[in-house]
Amino acid sequence: MANPAKARVLILGGGGGEGGGAPASILSVSLPHPRSGEHVIYLFVDGAPHELQRLADGAEGSWLIGESSQEDGGMLVASPIDPTFFVLARLFRARRHKVASARGARGEPERVMYEPLSDVLTDLDCRGLELLSGAPRIGERLAAAFDVNRKFDEPMVRIDEAKAISWLRAKTEQLRARRPPLLARTAASSAVCASTLVEDDGAGCLAPGGPPRAEPSTLQALSLLGDYLDDELLELVAGSYG
């Protein structure tokens, strides 16, 4: 029996399991955060990664769990996060490393080639990354941001910077469309940010061109998006607005 002193209240976003019912499996997995690279605990709910956020209003409170009282009155919210963010971070960091190595050797960077998704997600220090290859609709999701060849047993992926930036701009517009409360950046907005970013609203990627300047609401949306991108990637997206 679990120790009541360590019990937590968890709200599972994204409709829970398939069809909105109870999930068949929930795994706690450590993954490198897309922005910082630091290991963070995520939940895999029926194979789909979920980000954990702690919500607390600052007031003292407690939960009655079973026959015990939990002094921590906060709660954990698990929101779906698009696995593409993890692949994006790994591909761009690998590309930067190759470019830096080529410059150091006074050569030209090698032509970007397709890589098996399993190779992209192989990390001896973080075996949990391999679970992302089994996330629902992983091939379809990756195809929106990268070049993907699905003629083999597993997806083969390749960076296409213009396509990735277009995908990130589409995510920015999704955040803008959710105002308010998302653009107010409260504890609650941070908790549902990942859920907004994972939804595919059918808009796909934005066409080249777009608005000539970033409006204030776009800047706020980019600030939220920046929680999932390193500085270089965020600058590329922001720069695409002119």
Side-chain angles (χ1 to χ4, degrees), residues 1-18 22-56 65 70 72 74-97 115-139 141-142 145-146 154-155 157 159 164 168 171 187-199 224-234:
M1 181 175 179
N3 184 353
K6 295 184 179 181
R8 294 291 185 270
V9 175
L10 172 68
I11 297 178
L12 185 59
E18 185 176 355
S25 66
I26 299 179
L27 297 176
S28 175
V29 180
S30 175
L31 298 177
H33 191 276
R35 174 175 173 80
S36 67
E38 296 181 359
H39 284 213
V40 177
I41 296 298
Y42 293 84
L43 293 184
F44 275 70
V45 181
D46 289 344
H50 285 58
E51 181 181 29
L52 285 173
Q53 299 276 358
R54 183 179 181 275
L55 296 185
I65 302 177
Q70 171 62 43
D72 182 359
M75 66 178 67
L76 296 175
V77 176
S79 302
I81 180 170
D82 195 324
T84 306
F85 282 103
F86 297 95
V87 180
L88 182 73
R90 291 186 65 79
L91 285 176
F92 267 82
R93 284 169 185 158
R95 188 185 71 164
R96 283 198 295 267
H97 177 73
E115 299 179 68
L117 180 60
S118 59
D119 287 359
V120 175
L121 297 176
T122 295
D123 188 334
L124 297 179
D125 295 325
C126 188
R127 294 290 190 181
L129 277 169
E130 299 172 3
L131 294 176
L132 292 171
S133 63
R137 299 169 50 215
I138 185 65
R141 291 190 181 281
L142 295 181
F146 314 110
E154 65 173 310
V157 296
I159 284 182
L168 288 168
K171 292 297 187 184
S189 72
S190 296
V192 298
C193 180
S195 182
T196 298
L197 293 175
V198 79
E199 294 298 333
L224 284 170
L225 186 69
D227 289 345
Y228 302 88
L229 306 175
D230 64 22
D231 290 340
E232 183 175 337
L233 260 174
L234 183 58

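Since this is a predicted model, take the numbers as computed values, not measurements. Just so you know, these numbers use all the heavy atoms, side chains as well, and skip hydrogens, waters and symmetry mates.
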How far apart are the closest heavy atoms of Pro32 and Gly37, and which atoms are they? CB-O, 3.5 Å
From His50 NE2 over to Ile41 CD1, what is the distance, rounded to the nearest 0.5 angstrom? 15.5 Å
Non-neighbouring partners of Thr122 that pass side chain to side chain donor-acceptor pair (under 3.5 Å), sequence neighbours left out: none
Looking at residues at least two apart in the chain, or sitting in another chain, which of them share a salt bridge (charged side-chain N to carboxylate O under 4.0 Å, His left out) with Glu38? none
When rounded to the nearest 0.5 angstrom, what is the spacing between CD1 in Ile159 and CG in Leu91? 4.5 Å
Would Lys171 and Asp82 count as a side-chain contact (heavy atoms from CB on, under 4.5 Å) if you check the C-alpha gap in whole Å, the side-chain angles of each, and the deciding distance to 0.1 Å? CA-CA 11 Å; Lys171 292 297 187 184; Asp82 195 324; 3.4 Å; yes
Residues two or more places apart in sequence or in another chain: which of them pass salt bridge (charged side-chain N to carboxylate O under 4.0 Å, His left out) with Asp119? none
What distance do Ile138 atom CD1 and Leu121 atom CG have between them, rounded to the nearest 0.5 Å? 7.5 Å
Is Arg90 close to Asp123 at the side-chain level, that is, under 4.5 Å between some pair of heavy atoms? yes
Identify the two heavy atoms, one from Ala89 and one from Pro34, that lie closest to each other, and give their separation to 0.1 Å. CB-O, 3.4 Å
Got a list of side-chain donor-acceptor pairs under 3.5 Å for residues 125-133, not counting sequence neighbours?
{"unit_1": "Arg127", "atom_1": "NH1", "unit_2": "Glu130", "atom_2": "OE2", "d": "3.4"}
{"unit_1": "Ser133", "atom_1": "OG", "unit_2": "Glu130", "atom_2": "O", "d": "2.7"}

Hey, mind stepping through Asp227 and Arg35 against side-chain contact (heavy atoms from CB on, under 4.5 Å) and telling me if it holds? CA-CA 7 Å; Asp227 289 345; Arg35 174 175 173 80; 5.7 Å; no
Nearest heavy-atom approach of Glu154 to Leu117 is OE1-N, 3.5 Å
From Leu225 atom CG to Leu168 atom CG, the distance as rounded to the nearest 0.5 Å: 5.5 Å
Could you work out, with ring-ring contact (aromatic ring centres under 6.0 Å, His included) as the rule, every residue matching Phe86, not counting sequence neighbours? Tyr42
Would you be so kind as to tabulate the donor-acceptor pairs closer than 3.5 Å made by side chains of residues 22-30, with sequence neighbours excluded?
{"unit_1": "Ser30", "atom_1": "OG", "unit_2": "His39", "atom_2": "ND1", "d": "3.3"}

Taken to the nearest 0.5 Å, the spacing of Glu51 CD from His33 NE2 works out to 5.5 Å
Verdict with reasoning, Tyr228 to Thr84, per side-chain contact (heavy atoms from CB on, under 4.5 Å): CA-CA 11 Å; Tyr228 302 88; Thr84 306; over 6 Å; no
